[in-house]
Amino acid sequence: MGTRSAEWYGGAGRNSYIHRAWMRRGLPAHAFDGRPHIAIANTASDLTPCNAHLDEVAEHVKRGVWEAGGVPLNLPVVSLGETQVRPTAMLWRNMAAMAAEELLRANPVDGVVLLGGCDKTIPALLMAAASVDLPAIVVPGGPMLTGHFRGVPLGCGTDVWKLSEEVRAGTLTEAEFMRSESSMIRSRGHCNTMGTASTMGLLAEVLGMTLPGVAGTPAADSRLLEAAHASGSLAVEMVAEDRRPSTVLTRGSFLNAVVALAALGGSTNAVVHLLAIAGRLGVELTQDDFDRTGSGVPLLVDLLPAGRFLMDDLHRAGGLHAVLREVRDLLDPEAITVTGRPLVDWLGAARIHDPEVIRPRETPLLENAGIAVLYGDLAPGGAVIKPAAASPHLLRHRGPAVVFDSVEDFHARIDDPDLDVTPDSVLVLRGCGPRGYPGMPEVANMPLPAKLLAQGVRDMVRVCDGRMSGTAYGTVVLHVAPEAAAGGPLGLVRDGDMIVLDVDARRLDVEVPAEEWAAREPSPAMTRAFAAPSRGWERLYVETVGQANTGADLDFLTGSSGHPVPRDSH
């Protein structure tokens, strides 16, 4: 018997008996005759509301596995609810990846179907699959359907920020704001904007890790269950063909994802996730690849937060394949999918059915989209900005810094009517990187000062060593590396320093004389606010996490360990 699970179940010895006997709770004897055992890595959880429907999806995966001659096994794994956990779900992405990797390696399974949806779940599962390198396929949980309020569509996440700013500006009552709450989340599924969840679900397919055509299918659409069934069947085939992540996830696959990220107007969070996944495989991918490969790609998808429409609009308009067909010439034609066939082979029948939602290549929303990577005095290790979500007039800007030493400092002072701030000011928030918070929270898209909102100001340049929600918008420079807690120069900025942003020149600088800069010490208020955990995961994380420009993975988790387990348990 050639399957990996047969190492546990094959033979007549005591250990094999134990492994089989404890699984004989309804499984027939022929379940252990060497046929593939397929784990279903399931992130369903009531506390991850965007993934709560994945138990139903798992049932359909099971049907497909049985049909193809395999044995399906539900394997609950760490689930991270972006909207629920504190201080930030990103703190546990690496833990979820490590736990899933170890469970897959330790158990008698031959392949895995990865069920994720909410922001960190698909990245964590892909990191785990890359590390253990067993045949793996993703079934994205899909976006929710569009809700409406006051007769107009609501983009979850994006419209939370917009409506809450309306309340602060006095143009929306608190009662009306509360009314919108039950309208926004209309169905099962993850955020319906082009946030991190939608971005990573779509990019999982571009990477080649899903059944072609499934990504972006709304969670409430029955075709998702059909695709789950087919994915279960395909997982069995992948075991027979030994089609593993290391054979699918090549440098070409990642560069295809960078192209798609730009064309879709996807989340900046994809940068840290793709870097981390590539790092688990040893695939050469750097932060600069996002600029070199993606910055000249046209933005074709008109979705919030950079546009007007929502994910079920993208699906009806032709979906991911229609977008990829428009930029097919920019894709690596040799990058394969879990089917064994190249990604580009699946694009021939795709068509744009609504050119308002998906623009043809000739008439893009933006000629040069993607992620811009900035360097300079304030970001020697780089920082990123998403021009498609920024205000064009602020992409070249010079203004005085208004500095906040922590998130708490920001919240305490941002609405102070005496705050020395103007529309030209640059808001600087530090101490929010992987080590400093810890976990690099989504706080970079800082709410604007109340007194400026009242004057009609709706965007300002903001600089932070943290992240930004994929559903957010604005002229926000984020992922500044090194972070302040790692000795980065952001920790030396003072109120009134002139900050110079020049996106075209890819620069982020500060105008302070060199002698003065060299003599400065980090702010004591800032250093007091840095995370200093004494035990547990947070301590391990703070002591070993890398910077944003390399994916914010733990230093001892980079690279793949494979799946062999040489020692038995008895």
Side-chain angles (χ1 to χ4, degrees), residues 140 143 192-210 212-217 251-271 273-274 285 289-333 335 337 342-373 384-390 470-471 473:
N192 57 8
T193 49
M194 189 56 75
T196 306
S198 295
T199 298
M200 293 310 300
L202 293 167
L203 294 189
E205 176 161 338
V206 181
L207 287 170
M209 291 298 292
T210 77
V214 65
T217 303
R251 176 168 167 80
S253 304
F254 283 98
L255 294 183
N256 285 349
V258 172
V259 170
L261 178 64
L264 293 164
S267 167
T268 51
N269 288 309
V271 178
H273 296 321
L274 290 173
L285 186 74
D289 284 317
F290 289 83
D291 204 332
R292 279 194 295 261
T293 298
S295 61
V297 176
L299 174 62
L300 302 180
V301 177
D302 194 353
L303 253 68
L304 286 171
R308 299 174 291 165
F309 296 99
L310 293 163
M311 282 297 292
D312 49 356
D313 296 309
L314 176 63
H315 186 66
R316 68 170 173 79
L320 174 64
H321 285 191
V323 179
L324 295 180
R325 191 171 185 267
E326 294 298 302
V327 292
R328 181 172 178 166
D329 59 301
L330 303 178
L331 301 176
D332 184 334
T337 71
L343 173 69
V344 295
D345 283 5
W346 297 92
L347 308 180
R351 295 292 182 273
I352 296 174
H353 302 302
D354 186 341
E356 288 294 305
V357 179
I358 303 173
R359 298 291 183 89
R361 178 81 167 268
E362 308 80 54
T363 56
L365 281 102
L366 192 65
E367 285 286 351
N368 301 305
I371 304 295
V373 179
V384 304
I385 187 171
K386 182 178 174 180
T471 65
Y473 56 93

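Small disclaimer: the values here were computed from a predicted structure and weren't measured.
The salt bridge (Lys or Arg N to Asp or Glu O under 4.0 Å) contacts involving residues 260-269 comprise nothing, where partners must be two or more places apart or lie in separate chains. A salt bridge (Lys or Arg N to Asp or Glu O under 4.0 Å) check over residues 314-331, counting only residues at least two apart or in different chains, returns the pairs D313-R316, R316-D354, D329-R361. Evaluation of the side-chain hydrogen bond (donor to acceptor under 3.5 Å, both in side chains) test over residues 298-311, restricted to residues two or more places apart or in two chains, returns D302-R308, R308-E356.
Between the CG atom in L347 and the CG atom in L324 there is a gap of 5.5 Å [rounded to 0.5 Å]. A distance of 6.5 Å separates NZ of K386 from CD1 of I371, quoted to the nearest 0.5 Å. Taking CG of L255 as the reference point, atom CZ of F290 lies at 9.0 Å (rounded to 0.5 Å). Taken to the nearest 0.5 Å, the CG atom of L261 stands 11.5 Å off from the OG1 atom of T293. Of the inter-residue distances, the one linking T217 atom OG1 with D312 atom CG reads 11.5 Å to the nearest 0.5 angstrom. Taking CG of N192 as the start and CZ of F309 as the end, the distance is 13.5 Å to the nearest 0.5 Å.
N256 places no side-chain N or O within donor-acceptor distance of the main-chain N or O of V206, the cut-off being under 3.5 Å. Judged by distance alone, the side chain of S295 and the main-chain N or O of A372 form no donor-acceptor pair under 3.5 Å. A side-chain donor-acceptor contact under 3.5 Å links T199 to the backbone of S267.
Qualifying side chain to side chain donor-acceptor pair (under 3.5 Å) partners for T210, counting only residues two or more places apart in sequence or in other chains: E205. A search for side chain to side chain donor-acceptor pair (under 3.5 Å) contacts involving T268 returns nothing, not counting sequence neighbours. Every residue meeting the salt bridge (charged side-chain N to carboxylate O under 4.0 Å, His left out) condition with D291, not counting sequence neighbours, appears here in chain and number order: R506.
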(message) Quick one, L310 with T193, criterion side-chain contact (heavy atoms from CB on, under 4.5 Å). Give me CA distance, side-chain angles, the key distance, then yes/no.
(response) CA-CA 5 Å; L310 293 163; T193 49; 3.6 Å; yes

(message) side-chain contact (heavy atoms from CB on, under 4.5 Å), that's the test. Do H273 and L203 meet it? Break it down for me.
(response) CA-CA 11 Å; H273 296 321; L203 294 189; over 6 Å; no

(request) Go through T337 and D345 one step at a time and tell me if the side-chain contact (heavy atoms from CB on, under 4.5 Å) criterion holds. (result) CA-CA 10 Å; T337 71; D345 283 5; over 6 Å; no

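Exactly one residue among L314, L303, L264, L320 makes a side-chain contact (heavy atoms from CB on, under 4.5 Å) with I358. That residue is L314.
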